[in-house]
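Inspection log for the structure reproduced underneath, given as structure tokens.
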Amino acid sequence: MEKRIYLDNAATTYVSGEVLNEMLPCYNTIFGNSSSLHTFGRDAMSIVDRAKDRIAKAINAEKPYEIYFTSGGTEANNWALKGLARANKEKGNHIITSQIEHDSVLESCKTLEKEGFEITYLPVDSKGLVSITDLIHYIKKETILVSIMAVNNELGTIQNIKTISNIVHENNIIFHTDAVQAMGALNIDVQDMEIDAMSMSAHKIYGPKGIGALYVKNGIKIESLIDGGNQERGKRGGTTNVPAIAGFGKAMEIATRDLVINQQKLKAIRNYFLDKVFEKIPFVQLNGHPQQKIQGTVNLSFELIEGESILMLLDLAGIAVSTGSACTSGSTKPSHVLKAIGLSDEFAQGSIRFSFGKSISKEEVDYVIEKLVEVVSKLREISPLTKAGRAKK
Ligand SMILES: *Cc1c(COP(=O)(O)O)cnc(C)c1O
């Protein structure tokens, strides 16, 4: 059998067996509409309620009804930014976010700018951390909302969420965080971390695609997202996707249950991988924070060659990775995240994200290293940059 190794778990994960088992009966046995009053409906509703309980417990939300299901992280982020801004605009029109947020936050901010909101995009340091001094500096009396992601999807860098939320609340401002990459990697306690609103997604934690949630603390004002139904307390109408919700609830429960053991395993894998890479490949740089990061995500820049070429050749060897630089319509534009941490275009173009999943084995990592060494040296041999005589050894 041909080898296939998946190292793109920050993009999406497979659905775990335990999750799938939870979902399957909801397609043909417990198939009722959760809004119906009969037994079929009530059975479906109890599945939805159980999922809400599980998610609330996983993030220590005070009440299960603070969890609102959405189609995923993108929708949750859109709703959080626009819904919180619009519902609180009588208090001011200023929002603070960071330059390294997911596009769903950044593009929502662009929409809000057109509506008259003023947005401050905080810079980050070379490791991807938002500076607390900068945050304090930019808060003003018109500031109504601060949205800073818990964990960056390209670098794995973890922000100082508790410190940030403390400062935000001292100034009576609402705090939202995109925690999509934090689930299963970090202990998230919305009460202890003083989070007012938080975006989550199932398919990054071995759950199904197309389902996520926005946590909104009781008492925080947010506009409705979808009119025309009593689902999600009337704020996000539409017949509930019971199988996906069941799967999401189970995935969250497992992510919390197995957090420590998964992270221990990933830490060992990541350290082993990095040691081998630095031992065998010259001119490599680790991007992001070396310590304050989640274990599964590793972003490396390979000098003198293009990330896209590495990706393509690794794919031929059956290994799936991701480039740090998104390829937009033929032209390779470095990612906004790598730019924000100050990487030169050359380093940004040579960047690859390896995101390890919980079932990775040491043998697989050995194979990846073997292939990576081959691919990098092959590409460097033919690189015009190498020919120009820069730093080749
Ligand atoms: C994947 C991701 C999203 C989007 O979530 P979807 O469920 O795919 O819409 C948002 N933010 C971060 C940080 C992500 O990694």
Side-chain angles (χ1 to χ4, degrees), residues 6-15 19 51 55 59 67-83 97-111 121-122 124 128-130 147-159 161 164 176-186 188 195 197-215 225-226 236 238 241 243-245 247-249 251-252 255 287-289 293-299 320-324 326 335-338 340-341 353-357:
Y6 186 75
L7 299 182
D8 200 10
N9 290 275
T12 196
T13 56
Y14 64 88
V15 174
V19 168
I55 296 165
I59 63 170
I67 310 295
Y68 297 84
F69 290 116
T70 65
S71 70
T74 300
E75 186 181 311
N77 281 340
N78 268 263
W79 186 17
L81 270 289
K82 295 174 202 167
T97 186
S98 83
Q99 292 174 3
I100 60 164
E101 299 296 312
H102 191 262
D103 278 338
S104 51
V105 167
L106 295 175
E107 294 300 318
S108 294
C109 287
K110 292 278 171 303
T111 299
Y121 301 90
L122 293 178
V124 294
L129 282 179
V130 165
S147 176
I148 303 288
M149 71 200 316
V151 173
N152 180 265
N153 46 306
E154 289 186 38
L155 304 169
T157 300
I158 303 168
Q159 298 296 337
I161 289 300
I164 293 174
H176 165 258
T177 187
D178 172 353
V180 171
Q181 294 286 340
M183 295 302 146
L186 284 187
I188 297 286
I195 294 167
M198 182 170 86
S199 304
M200 296 166 265
S201 178
H203 75 99
K204 309 280 176 84
I205 54 164
Y206 307 93
K209 292 165 188 55
I211 190 77
L214 183 66
Y215 158 81
L225 180 65
I226 296 178
R236 202 267 186 186
N241 185 349
I245 287 170
F248 181 23
M252 283 287 278
N287 300 319
H289 205 291
K293 67 184 301 300
I294 60 165
Q295 303 302 337
T297 301
V298 177
N299 192 309
V321 295
S322 156
T323 49
S335 93
H336 65 280
V337 176
L338 298 180
I341 61 169
R353 178 185 69 188
F354 302 84
S355 46
F356 298 95

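Remember, it's 1-based here, ligands and their atoms both numbered in the order they're listed.
- Nearest protein heavy-atom neighbour of atom 3 (C) of ligand 1: H102 NE2, 3.5 Å.
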With side chain to side chain contact (heavy atoms under 4.5 Å, CB included) as the criterion, how do Y121 and L106 come out once you've worked through the C-alpha distance, each side chain's angles and the decisive distance to 0.1 Å? CA-CA 9 Å; Y121 301 90; L106 295 175; 3.9 Å; yes
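- Remark: the H176 side chain and the S147 side chain contain an N/O donor-acceptor pair separated by less than 3.5 Å.
- Not a single N or O atom of N153, backbone or side chain, sits closer than 3.5 Å to an N or O atom of ligand 1.
- Between the Q159 side chain and the G128 main chain, a donor and an acceptor come within less than 3.5 Å of each other.
- When only interatomic distances are considered, the shortest N/O to N/O separation between A10 and ligand 1 does not fall below 3.5 Å.
- The ligand atoms of ligand 1 that sit less than 4.0 angstrom from a heavy atom of N77 are 10 (C), 11 (N).
- Counting heavy atoms closer than 4.0 Å to ligand 1, residue K209 contributes nothing at all.
- With hydrogens and angles disregarded, no donor-acceptor distance shorter than 3.5 Å links the side chain of S355 to the backbone of T297.
- Of all protein heavy atoms, the one closest to atom 6 (P) of ligand 1 is G73 N, 3.4 Å.
- Of the polar atoms of Q181, at least one N or O is found under 3.5 Å from an N or O of ligand 1, judged by distance alone.
- Listed by number with element, the atoms of ligand 1 under 4.0 angstrom from any heavy atom of G72 are 7 (O).
- Listed by number with element, the atoms of ligand 1 under 4.0 Å from a non-hydrogen atom of M149 are 13 (C).
- Residue K204 has at least one heavy-atom neighbour below 4.0 Å for each of these atoms of ligand 1: 1 (C), 2 (C), 3 (C), 14 (C), 15 (O).
- Heavy-atom contacts of H203 reach the following atoms of ligand 1: 6 (P), 7 (O), 8 (O) (cutoff under 4.0 Å).
- Looking only at distances, a side-chain donor or acceptor of S335 sits under 3.5 Å from a matching main-chain atom of L338.
- Ligand 1 has an N or O atom lying under 3.5 Å from an N or O atom of S201, backbone or side chain.
- With no hydrogens or angles considered, a side-chain donor-acceptor pair links S199 and N77 at under 3.5 Å.
- In the model, S108 has a side-chain atom that pairs as donor or acceptor with a side-chain atom of N78 under 3.5 Å.
- Side chain of N299 to backbone of E154: a donor-acceptor contact under 3.5 angstrom is found.
- Here's the thing with D178: one of its N/O atoms is less than 3.5 angstrom from an N/O atom of ligand 1.
- A distance-only check finds a donor-acceptor pair linking the side chain of T177 to the backbone of I148 [under 3.5 Å].
- Summary of contacts: the protein heavy atom closest to atom 9 (O) of ligand 1 is T74 OG1, 2.6 Å.
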